[in-house]
Amino acid sequence: MSTERIIISENEDDTENLAAGIAAGLPPGSVVLLRGDLGAGKTVFARGFARGLGIVEPVSSPTYTIAQEYPLPNGGRLCHLDLYRINGAEAALAFGVDEYLDDPGSFVLIEWPERIESLLPATAITVNIVHRGEHTREITVTS
């Protein structure tokens with residue numbers, strides 16, 4: 001049975017703090033799917049998620065590199081994937097997306113997960129971010 005939580009974020013700090021709290025409560029091996037339009041706040045969420053795992057280096061969107069890896073202070077890594085430029089599961093497998101998804105010591109954040117829907121684990125957590133105003137976002141977390 002899945003659970004759904006809806007949160008209203010009034011600014012980037014709210015979004016980052018929510019993400020940090022989610023990250024702090026997840027075990028390694030977790031996959032988080034970030035859904036939302038361009039500019040919705042997926043990378044802001046990723047920054048907060050990284051902070052919640054103890055990562056202090058700057059986090060940016062891997063739009064052109066597809067994947068960014070950040071080592072965790074106590075071992076393991078955060079893998080931040082942006083699949084906007086990927087044309088489907090076959091292309092994602094060609095760059096090794098399965099290695100990220102199957103790594104029990106990593107946390108994986110995926111922007112534009114609909115590009116590889118058939119490869120996603122059933123246990124993935126979905127975060128849907130929707131514009132509700134200039135700075136306001138409605139964030140739905142389904143686990």
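Counting from 1, the numbers follow the sequence of the chain as shown.
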- Query: After noting the C-alpha distance and the side-chain angles of Glu138 and Arg5, does the key distance pass the salt bridge (Lys or Arg N to Asp or Glu O under 4.0 Å) rule?
  - Reply: CA-CA 10 Å; Glu138 180 179 297; Arg5 197 167 50 135; over 6 Å; no
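- The CZ atom of Phe49 sits 10.5 Å away from the NE2 atom of His80 when rounded to the nearest 0.5 Å.
- A chain of hydrophobic side-chain contacts below 4.5 Å, direct or via other Ile, Leu, Val, Met, Phe, Trp or Tyr residues, connects Ile7 to Val127.
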- Begin with the C-alpha distance, continue with both residues' side-chain angles, and end with the deciding distance and a verdict on side-chain contact (heavy atoms from CB on, under 4.5 Å) for Asp98 and Leu119. CA-CA 8 Å; Asp98 52 328; Leu119 301 175; over 6 Å; no
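- Phe107 and Val97 fall into different hydrophobic clusters, where Ile, Leu, Val, Met, Phe, Trp and Tyr side chains are chained together by heavy-atom contacts under 4.5 Å.
- With hydrophobic clusters built from ILVMFWY side chains whose heavy atoms lie under 4.5 angstrom apart, Leu72 does not share a cluster with Leu101.
- Partners of Ser9 by side chain to side chain contact (heavy atoms under 4.5 Å, CB included), not counting sequence neighbours, listed by chain and number: Asp14, Thr15, Arg137, Ile139.
- Considering only residues two or more places apart in sequence or on other chains, Ile66 meets the side chain to side chain contact (heavy atoms under 4.5 Å, CB included) condition with Leu83, Ile86, Phe95.
- Taking a 6.0 Å sphere around CD of Glu90, one finds it holds 12 or fewer heavy atoms contributed by other residues, nucleotides or ligands.
- Residues forming a salt bridge (charged side-chain N to carboxylate O under 4.0 Å, His left out) with Glu134 (at least two apart in sequence, or on another chain): none.
- For the residue pair Thr3 / Ser143, a side-chain donor-acceptor distance below 3.5 Å is found, with atom types taken as modelled.
- Once rounded to the nearest 0.5 Å, the distance linking OG of Ser30 with CG of Leu53 reads 9.0 Å.
- Annotation: the span from Trp112 atom CH2 to Lys42 atom NZ amounts to 4.5 Å, rounded to 0.5 Å.
- Under the 4.5 Å side-chain heavy-atom criterion for ILVMFWY residues, a single connected hydrophobic cluster contains both Ile22 and Ile55.
- Side-chain polar atoms of His135 and Glu12 form no donor-acceptor pair below 3.5 angstrom.
- Taken to the nearest 0.5 Å, the CZ atom of Phe45 stands 7.0 Å off from the CG atom of Leu109.
- Annotation: the span from Asp13 atom CG to Leu18 atom CG amounts to 12.5 Å, rounded to 0.5 Å.
- Here the CG-OG1 distance, from Asn11 to Thr136, works out to 8.5 Å after rounding to the nearest 0.5 Å.
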